[in-house]
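Residue numbers start from 1 in every chain, and the chains themselves are labelled A, B, ... in the order their sequence lines are given, proteins ahead of strands.
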Amino acid sequence: MFNFFNELKEKYLSISNRICPYQMVMMGDYLLYVEGNVTIMTLSANNIVFKLKDCICTVCGMGLGIKEITENTLTIIGKISQIERV
Amino acid sequence: MGGYIRYTIKNLNREKLIREMVKIAIVKNIKLYEDKLSFVVKENCIKKIDAVLQKRGSKVISKTAVGLLNYIHTSIFRVGVIIPSVLFILAVIICNGYIFNIKVLGTEMVNKNDVIKIINNCGVYSICNKNQIDTTTIENDILKIDKVSLVSAIVKGNTLVVNIKEKLYNPEFEDKDGFLPILSLYDGIITEINIIQGTSLVKVGQTVKKGQEIVAPYVMDASGDVLSVLPMADIKADVFYTITQEVPDKKIEQIDTGNVIRSKKIMLNNMVIYNQNIRVSFPSYRASEEISVLTDRNFLPIKYVNYVYYETKFIEIDDYFINNKTQILEQLAQKTRQLVDEYDIIKEEYVNVFSVAGINRITHTIIVNKSIC
């Protein structure tokens, strides 16, 4: 998928910090795109929990759904109200 | 063709199922409906997905095609789509066997209608079966036209394209036998010869008659061979315009004596109503007639005819030519000048008078130097 993650890393991160275990971008409050080794843990219309390499993310909202999921990407759509990283 | 299949399943551990499916396929549009889960996967992954679902003990509620594949699957059973499609395919197949247009290209000198007539004579018309078209025959028949050099006839799509290449005429070397010699347009004496092409048949100072060949349509090359060419030349000559008139020394003229006799006649249409019927007693006379209509238009067309007879006598005028010589010569000069073209420059003009036995023979001659070819 085409993105500007590399450009952002080159511009704002030091070389040592450029190797990120995951990358996440949110477009408004409607779409969340995640890159990394994603594993779905909980799936419901109001709550989607997924595991990344070194953390667990919880997405809360309304009418949530997975638009597309592969081994390394996850696209969540719906009315997103909260994202929590633990 | 990348079609997609939408699964609707019933499974308790949805998260684990998704984790397994993600390993083998891209899963899209995952939606939750209470205890049901629906998702979309690519058509080429359904075998693996089915295996996973079976392994996980999931109950597949529905499995439907979506996208273009779904449209194709469903449209197969739509009569409104099938019949037009079949008809369209049939029409394409049938039309593919026919031509609907004849295109003739490259006709400038050749008449296009003549070419189309030839094509029609070969049994090929605007709508014709392609199997009936013999392009070789068409090409051979069109080649029979004189002005055609090359022809190619091909069937392209539903059009018969006939491409004609016309002959390029070089007036110097084509139609060798068709060249004609240059003929003199006037009688005269040659004064100047400028040959551009051809062979001169006359010399300066030579007299030529109108219609005489003055330049031949050939040249002789260094090896003595005769080469036909279009004759071109500018040959000037003194052209003589001559008019001859004979005038006697004496002239007999008829003159009126002054005696007049009048006679009247009244006619209704062509019927004579009244005729004065006077006898003319003059030994020689000339008569004139005056007709006047007495009534207007066609109402009783009564005509009044007045005949007048003038007595005449003949007198002999001596020295007629001597007395009127200037006038006669001037009239003759005017007549001769009318023969000369508007832009001709008169080189010389003279008059010869030859008298014998009371007759004067006057010849007025104008000499003009002009091109005679």
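Only the side chain of B/L32 comes within less than 4.5 Å of a heavy atom in chain A; its backbone stays farther off. Residue B/I24: no heavy atom, backbone or side chain, is found under 4.5 Å from chain A.
The most heavy-atom pairs under 4.5 Å with chain A, out of B/I18, B/V22, B/I26, come from B/V22.
Taking a 6.0 Å sphere around OH of A/Y30, one finds it holds 12 or fewer heavy atoms contributed by other residues, nucleotides or ligands. With a 6.0 Å radius and a threshold of 12 heavy atoms from other residues, nucleotides or ligands, A/E7 has its CD atom above the threshold. By the 6.0 Å contact criterion, NZ on A/K67 is open, its count of non-hydrogen atoms from other residues, nucleotides or ligands being 12 or less. Around atom NZ of B/K10, no more than 12 heavy atoms belonging to other residues, nucleotides or ligands sit under 6.0 Å away.
Expressed to the nearest 0.5 Å, how far OG of A/S44 lies from CZ of B/R14 amounts to 7.5 Å. Note: A/L64 CG to B/K31 NZ = 13.0 Å, rounded to the nearest 0.5 Å. B/M21 CE to A/I40 CD1: the interatomic distance, rounded to the nearest 0.5 Å, is 10.5 Å. How far CD1 of A/I77 is from CG of B/N29: 6.5 Å, rounded to the nearest 0.5 Å. Note that the NZ atom of B/K16 and the CG atom of A/L43 stand 15.5 Å from one another [nearest 0.5 Å].
Side-chain contact between A/E71 and B/K23 is present, with at least one heavy-atom pair separated by less than 4.5 Å. Put simply, the side chain of A/E68 reaches to within 4.5 Å of the side chain of B/K28, judged on heavy atoms.
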Where do A/I66 and B/V27 land on the side chain to side chain contact (heavy atoms under 4.5 Å, CB included) test, with the steps shown first?
CA-CA 9 Å; A/I66 296 172; B/V27 185; over 6 Å; no
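The two residues B/R19 and A/T39 come nearest to each other via the heavy atoms CD-CG2, 2.6 Å.
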